[in-house]
Amino acid sequence: MKNIIQTVKGTREFYPEEMALRKWLYGKISQVSQSFGYQEYDGPFLESIELYAAKSGEELVKEQSFVFPDRGGNLITLRPELTPSLARMVAQRQNQLVYPLRWWSFGPFWRYEKPQKGRTREFFQWNIDLIGVDSPEGDAELVAIAAEFFKAVGLTPSEVKILVNDRRLMDSQISKLGIEKTEDKKKVLSIIDRRDKLSANDWDSYVLESGFTTTQLNGLKDVLNNKDLYKTSETVMRFFAALNALGVEQYVSYDPRVVRGLDYYTGIVFEARDAGESSRAILGGGRYDNLVGDVGGNPLTGVGFAMGDVVMPLILEQFGKLPALNLNPAEVLVTVFDADCQAYSLAIAAELRQAGINVNTYPEAVKIGKQFKYADRVGARYVIVAGPDERDAKIIQVKDLQSGEQNTVPIKEAVSVLQKMIHK
RNA sequence: GUGGCUGUAGCUCAAUGGCAGAGCACUUGACUGUGGAUCAAGGGGUUGUGGGUUCGACCCCCAUCAGCCACCCCA
């Protein structure tokens, strides 16, 4: 045990239990994405480092990416995010694609970060984007997709909330405080982003230390406490009207403190958080204006979000919403009574499989009790016993481990009887 | 990248410088053609790894690896 080579730091292994959960999650994501008419796509897992140099935040590429030289000396990156690949894919076929473009993806990503709970170095991420539209209704569609996803996995509006703001709204408010320079505005956004991470007093001093006046500080506080700020924006009002019409308004609320860290958001921004103590960010996204420009296309607007796969199981566990998943694909186990009867058992199993039933056989003729225990442990519900008596009489015994009932079934009716039992 | 906590059986944890243990899990039996429940017995450890201090180290010191927590950043 001790000299087994360790897994790479921050990676996960998917034993059947975890794999079943991953597939379940993928299924929900796929179902919700497709219910809104989005098409599945994917990009390469390996990209050249130049792709990220243009657009992504400096830190993401320089400090949080796995980068290595290939045998030819080119720097290769394990993709830390999908958006640049998406931008290129759109740019390459910009004039052939049909807009609005609705695409979604679920695949692996790598970031060289310090692993801890809810954060690994290798993770899966759901990306979904609506490209080529700039309307509040388009923004609302993406938020509605997030809400429908929560609904699909069984999370209620009291357990998860999607918090929304609009950068344009914030921008005009910040201007009103006499902060006009782009650089200063960026600084304010990052200050707002830290609002929850500091105590009220510490945050106040942080604002002042960053070079802003007391008047600006107080003005900023007023803005951040104004839950009705969105009512001053016709666009955001339309956005909320659309959410109402889509029937997901209970999951969504306006919060002027949400600004998101990334520079490239230009309109609506949103993030989902759980209502528990940890209050983790579950997903985040927003509107961007210049998706394709950086990789050489004509500017296209879009709105999208990303959700990692690591936090969701933690949230589901916290609220007791983890699904009970069946790990054993075989509903039936055919026991092997003794060496002489093995062929009879194998033939029964083969016949059931021909009929589309998933069947385990016990691979050796050990004590029947052990085989029953095995069936119980692996979660096979029906056990077939076919010993010498059964073989000679052309029958089998079928036991339902859940009810404990056992019936004698003529071999000719085995398929139909089991199909009925399995599908009832 | 910075700071802190932790690491003992498959799992959850005891043992605070003097013989490395318990519960659960596992194997076998009670039950010679039937799982779960009960009872009994049994197997299982280089105490994360490598050094050091000591007559003696799970325990103290150093390093290292991993996990967790707070920063940073974000999914």
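Quick note on labels: first sequence line is chain A, next is B, and so on, each numbered from 1. These figures come from a predicted structure and were not determined experimentally.
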Peer 1: Could you tell me the separation between the CZ atom of A:Arg257 and the CG atom of A:Asp193, rounded to the nearest 0.5 Å?
Peer 2: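 Output value for this atom pair is 12.0 Å.
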Peer 1: Base, sugar-phosphate or nothing for A:Phe337? Non-hydrogen atoms, less than 4.0 Å.
Peer 2: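 It contacts base atoms.
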Peer 1: Angle between ring planes, A:Phe305 versus A:Phe270, binned at 30° and 60°: parallel, tilted or perpendicular?
Peer 2: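 Perpendicular, since the angle between the ring planes exceeds 60°.
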Peer 1: Here's a test for you: under ring pair (Phe, Tyr, Trp, His ring centres under 6.0 Å), which of A:Phe109, A:Phe149, A:Tyr38, A:Tyr26 qualifies with A:Trp126?
Peer 2: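 Of all the options given, the one that passes is A:Phe149.
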Peer 1: Atom CG of A:Asp134 and atom OH of A:Tyr288: how far apart are they, to the nearest 0.5 Å?
Peer 2: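 Reported to 0.5 Å precision, the distance equals 11.5 Å.
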Peer 1: Atom pairs, N/O to N/O, protein against nucleotides 2-4 of chain B, distance under 3.5 Å?
Peer 2:
{"residue": "B:U2", "atom": "O4", "partner": "A:Lys114", "partner atom": "NZ", "Å": "3.2"}
{"residue": "B:G3", "atom": "O6", "partner": "A:Lys114", "partner atom": "NZ", "Å": "3.3"}

Peer 1: Without decimals, in angstroms, what is the distance between A:Phe270 CZ and B:A75 P?
Peer 2: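 Those two atoms, CZ and P, are 11 Å apart.
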Peer 1: On a heavy-atom basis, which atom in A:Leu322 and which in A:Pro313 lie closest, and how many Å separate them?
Peer 2: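 Here A:Leu322 and A:Pro313 meet closest at CD2-O, 3.9 Å.
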Peer 1: Does the structure place the NZ or CZ of A:Arg260 under 6.0 Å from the centre of the six-membered ring of A:Tyr265, at an angle of no more than 45° from the ring's axis?
Peer 2: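 Negative - A:Arg260 is either too far from the ring of A:Tyr265 or too far off its axis.
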Peer 1: Looking across every strand, which nucleic acid part, if any, lies under 4.0 Å from A:Asp389 by heavy atom: base, sugar-phosphate, or nothing?
Peer 2: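 Touches a base.
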Peer 1: What does A:Ala375 touch in the nucleic acid at a heavy-atom separation under 4.0 angstrom: a base, only the sugar-phosphate, or nothing?
Peer 2: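 Answer is nothing: A:Ala375 stays at 4.0 Å or more from every strand.
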Peer 1: Between A:Trp104 and A:Phe36 (judged by ring centroids, cut-off 6.0 Å), do the two rings come close enough to count as a pair?
Peer 2: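 Between A:Phe36 and A:Trp104, which both carry aromatic rings, the centre distance is not below 6.0 Å.
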Peer 1: Measure from the side-chain heavy atoms of A:Ile368 and tell me the nearest of B:C69, B:G33, B:A75.
Peer 2: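 Among the listed nucleotides, the one closest to the side chain of A:Ile368 is B:G33.
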Peer 1: Identify whether any heavy atom of A:Lys9 sits under 4.0 Å from a base atom; if not, whether one sits that close to sugar-phosphate; answer base, sugar-phosphate or nothing.
Peer 2: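 Answer is sugar-phosphate: A:Lys9 comes under 4.0 Å of backbone atoms only.
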Peer 1: Base, sugar-phosphate, or nothing for A:Gly285, non-hydrogen atoms under 4.0 angstrom?
Peer 2: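 Nothing: the residue A:Gly285, judged by heavy atoms under 4.0 Å, touches no strand.
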Peer 1: How far, in whole Å, is B:U27 from B:C68 if one measures between their P atoms?
Peer 2: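 One P to the other, the span is 30 Å.
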Peer 1: Would you please determine if the base of B:A75 is stacked by A:Phe123, with stacking meaning a centroid separation under 5.5 angstrom and planes under 30 degrees?
Peer 2: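 The base of B:A75 is stacked with A:Phe123 (centres under 5.5 Å, planes under 30°).
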Peer 1: Parallel, tilted or perpendicular, judged at 30° and 60°: which one describes the rings of A:Phe240 and A:Tyr254?
Peer 2: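 Ring orientation of A:Phe240 relative to A:Tyr254: perpendicular.
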Peer 1: Can you identify which nucleotide, out of B:G33, B:G35, B:A75, has its nearest atom closest to the A:Ala306 side chain?
Peer 2: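 From the listed options, B:A75 comes nearest.
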Peer 1: Using the six-membered ring wherever Trp is involved, compare the ring planes of A:Phe124 and A:Phe106 and label them parallel, tilted or perpendicular (cut-offs 30° and 60°).
Peer 2: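 Parallel: the ring planes of A:Phe124 and A:Phe106 meet at under 30°.
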Peer 1: When you check the phosphate oxygens OP1 and OP2 of B:C68, does a side-chain N or O of A:Lys117 lie under 4.0 Å from one of them?
Peer 2: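 No, no such contact exists.
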Peer 1: Which nucleotide sits closest to the side chain of A:Asp376: B:G67, B:A75, B:G36?
Peer 2: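 So the nucleotide nearest the side chain must be B:G36.
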Peer 1: Using a 4.0 Å cut-off on heavy atoms, which residues in residues 142-157 of chain A reach RNA chain B? List them by number, or say none.
Peer 2: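 Contacting residues: none.
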Peer 1: Return the nearest nucleotide to the side chain of A:Arg111; candidates are B:G67, B:C26, B:C74.
Peer 2: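 Out of B:G67, B:C26, B:C74, the nucleotide with an atom closest to A:Arg111's side chain is B:C74.
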Peer 1: Answer with base, sugar-phosphate or nothing: what part of the nucleic acid does A:Arg119 contact at a heavy-atom distance below 4.0 Å?
Peer 2: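 The residue A:Arg119 makes base contact.
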Peer 1: Mind checking A:Gln406 for me? I need base, sugar-phosphate or nothing, with any heavy atom below 4.0 Å counting as a touch.
Peer 2: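 The residue A:Gln406 makes base contact.
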Peer 1: When you get a sec, tell me which of B:U27, B:U34, B:C72 is the closest nucleotide to the side chain of A:Lys373?
Peer 2: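 Out of B:U27, B:U34, B:C72, the nucleotide with an atom closest to A:Lys373's side chain is B:U27.
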Peer 1: Among B:C71, B:G33, B:A75, find the nucleotide with the atom closest to the side chain of A:Val385.
Peer 2: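 Among the listed nucleotides, the one closest to the side chain of A:Val385 is B:G33.
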Peer 1: Rounded to the nearest angstrom, tell me the gap between atom CD in A:Glu390 and atom C1' in B:U34.
Peer 2: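 Nearest whole value for this atom pair: 11 Å.
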Peer 1: When A:Leu155 is tested against each of A:Val160, A:Asp274, A:Ile282 for side chain to side chain contact (heavy atoms under 4.5 Å, CB included), which residue passes?
Peer 2: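 Looking at A:Val160, A:Asp274, A:Ile282, the match for A:Leu155 under the side chain to side chain contact (heavy atoms under 4.5 Å, CB included) is A:Val160.
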Peer 1: Scan A:Arg381 against the nucleic acid and name what it touches under 4.0 Å (heavy atoms): base, sugar-phosphate only, or nothing.
Peer 2: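 No contact at all - A:Arg381 keeps every heavy atom at 4.0 Å or more from the nucleic acid.
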